[in-house]
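Shown next, in structure tokens, is the structure this report addresses.
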Amino acid sequence: MSNFKLNFIHLCDEVTFSQEGKLSIIGIFDVINVINIPGSLIRGYLVCNFTVLNKDLKEASINIVINNKKTQEEVVRIPELKVTIPEQDKLIPNRPRVLGVSLQLVNIPFKEIGEYNISVVINEEKVADYIFYVNQIKSEKVVN
């Protein structure tokens, strides 16, 4: 039996949280356009949310890897995140427990265009795969 259910996973331009804890996701994308190869994602966010299905779990170890889908070459490995899983909400007893992740990604390098994958593993269980693409766009040269 799975311990987690993926609710959503996105790459986006910005993630914010209100004082009340409401999540705002701005600029969801699945294509990274670069002018040059090699190129990089200057700044973006990975945001995901999971329902915790195992009522006995108290902690989670989260591992996130971005790799080139064709070559399987690892682009980046986020250091393992150790988090405490929130307890059951006493005000809303039947509400499922959720676990959210929000990571700022800075200067992620890409050696070639193509298909890439973000893999999320929690407590050694693969919970999510997110496919995105790197595309090279032509730059118009301006002569003064």
Side-chain angles (χ1 to χ4, degrees), residues 1-140:
M1 179 182 138
S2 181
N3 290 310
F4 302 92
K5 181 187 108 195
L6 174 67
N7 296 320
F8 62 82
I9 182 169
H10 299 294
L11 279 175
C12 59
D13 293 324
E14 190 68 44
V15 174
T16 61
F17 294 90
S18 71
Q19 286 182 310
E20 299 83 19
K22 291 186 285 183
L23 171 68
S24 292
I25 302 171
I26 301 168
I28 296 172
F29 60 88
D30 66 355
V31 176
I32 297 171
N33 289 310
V34 296
I35 294 172
N36 298 310
I37 291 294
S40 65
L41 171 64
I42 303 299
R43 188 180 75 118
Y45 287 84
L46 173 66
V47 61
C48 40
N49 182 282
F50 310 92
T51 299
V52 181
L53 301 175
N54 183 336
K55 295 179 187 203
D56 297 326
L57 281 178
K58 305 286 185 224
E59 295 180 335
S61 296
I62 304 170
N63 291 284
I64 299 172
V65 176
I66 301 173
N67 70 332
N68 181 315
K69 195 97 156 103
K70 180 175 79 176
T71 66
Q72 294 302 308
E73 180 182 359
E74 204 171 273
V75 175
V76 69
R77 177 178 291 272
I78 306 298
E80 184 174 72
L81 305 167
K82 298 252 188 198
V83 298
T84 300
I85 297 174
E87 293 183 19
Q88 187 71 42
D89 190 331
K90 291 179 178 134
L91 297 175
I92 310 171
N94 294 327
R95 183 174 185 246
R97 295 187 306 158
V98 294
L99 180 62
V101 176
S102 172
L103 292 174
Q104 184 178 34
L105 304 173
V106 179
N107 294 325
I108 305 298
F110 300 103
K111 293 180 183 175
E112 61 183 300
I113 63 170
E115 191 175 18
Y116 287 79
N117 183 59
I118 299 173
S119 176
V120 180
V121 176
I122 305 176
N123 293 353
E124 300 182 11
E125 173 187 336
K126 185 177 255 191
V127 181
D129 278 309
Y130 183 82
I131 303 295
F132 67 97
Y133 302 88
V134 174
N135 181 47
Q136 185 176 12
I137 57 174
K138 302 258 190 250
S139 174
E140 296 290 328

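Just so you know, these numbers use all the heavy atoms, side chains as well, and skip hydrogens, waters and symmetry mates.
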Original post:
How far does CG of N3 sit from CG of L57, to the nearest 0.5 angstrom?
Top reply: 5.0 Å

Original post:
If you measure from CD1 on I9 to CG on L46, what distance do you get to the nearest 0.5 Å?
Top reply: 5.0 Å

Original post:
Does the side chain of F17 reach to within under 4.5 Å of the side chain of S102, using non-hydrogen atoms?
Top reply: yes

Original post:
Can you pull the salt bridge (charged side-chain N to carboxylate O under 4.0 Å, His left out) pairs that have at least one residue in residues 62-72, sequence neighbours excluded?
Top reply: K70-E112

Original post:
When rounded to the nearest 0.5 angstrom, what distance separates CD1 in I62 from CD1 in I78?
Top reply: 11.5 Å

**OP:** State, with a plain yes or no, whether a side-chain heavy atom of I32 is found less than 4.5 Å away from one of I108.
**Re:** no

Subject >> Pairs touching residues 96-111 that satisfy salt bridge (charged side-chain N to carboxylate O under 4.0 Å, His left out), sequence neighbours left out >> reply: E73-K111

Original post:
Has the side chain of Q136 got a donor or acceptor atom that lies under 3.5 Å from a matching backbone atom of I35?
Top reply: yes

Subject >> Non-neighbouring partners of F8 that pass ring pair (Phe, Tyr, Trp, His ring centres under 6.0 Å), sequence neighbours left out >> reply: H10

Subject >> Distance, nearest 0.5 Å, that separates CG of L81 from CG of N63 >> reply: 7.5 Å

Subject >> Value rounded to 0.5 Å, distance of CG in N36 from CZ in F110 >> reply: 14.5 Å

Original post:
What pairs with F4 under ring pair (Phe, Tyr, Trp, His ring centres under 6.0 Å), at least two apart in sequence or on another chain?
Top reply: none

Original post:
V34 versus S40: any side-chain heavy-atom pair under 4.5 Å?
Top reply: no

**OP:** Step through the shown structure and confirm whether more than 12 heavy atoms of other residues, nucleotides or ligands are within 6.0 Å of CD on E124.
**Re:** no

Subject >> N33: side chain to side chain donor-acceptor pair (under 3.5 Å) partners, not counting sequence neighbours >> reply: N135

Original post:
Which atoms form the tightest heavy-atom contact between V98 and V52, and what is the distance?
Top reply: C-CG2, 4.4 Å

Subject >> Residues that T51 engages under side chain to side chain donor-acceptor pair (under 3.5 Å), provided they are two or more places apart >> reply: N7

**OP:** Could I get the full list of salt bridge (Lys or Arg N to Asp or Glu O under 4.0 Å) partners for K82, not counting sequence neighbours?
**Re:** E80

Table please: side-chain donor-acceptor pairs of residues 19-31 below 3.5 Å, with sequence neighbours left out.
{"residue": "E20", "atom": "OE1", "partner": "S18", "partner atom": "OG", "Å": "3.1"}

Subject >> side chain to side chain contact (heavy atoms under 4.5 Å, CB included) assessment of L105 paired with L11 >> reply: CA-CA 9 Å; L105 304 173; L11 279 175; 3.8 Å; yes

Original post:
Listed by chain and number, what are the side chain to side chain donor-acceptor pair (under 3.5 Å) partners of N67, not counting sequence neighbours?
Top reply: Q72

Original post:
Which heavy atom in K58 sits nearest to a heavy atom in K55, and how many Å separate them?
Top reply: NZ-O, 4.4 Å

**OP:** Under the side chain to side chain donor-acceptor pair (under 3.5 Å) rule, collect the residues that match up with E59, sequence neighbours excluded.
**Re:** none

Original post:
Just wondering, do V65 and V76 contact through their side chains at under 4.5 Å, heavy atoms?
Top reply: no

Original post:
When you look at I64 and V101, which way does the side chain to side chain contact (heavy atoms under 4.5 Å, CB included) test go after all the steps?
Top reply: CA-CA 10 Å; I64 299 172; V101 176; 4.3 Å; yes

Original post:
Measuring from F50:CZ to L6:CG, what's the distance to the nearest 0.5 Å?
Top reply: 5.5 Å

Original post:
For residues 35-45, which residue pairs qualify under salt bridge (charged side-chain N to carboxylate O under 4.0 Å, His left out), counting only residues two or more places apart or in two chains?
Top reply: E14-R43

Original post:
Do S119 and D129 touch side chain to side chain, with heavy atoms closer than 4.5 Å?
Top reply: yes

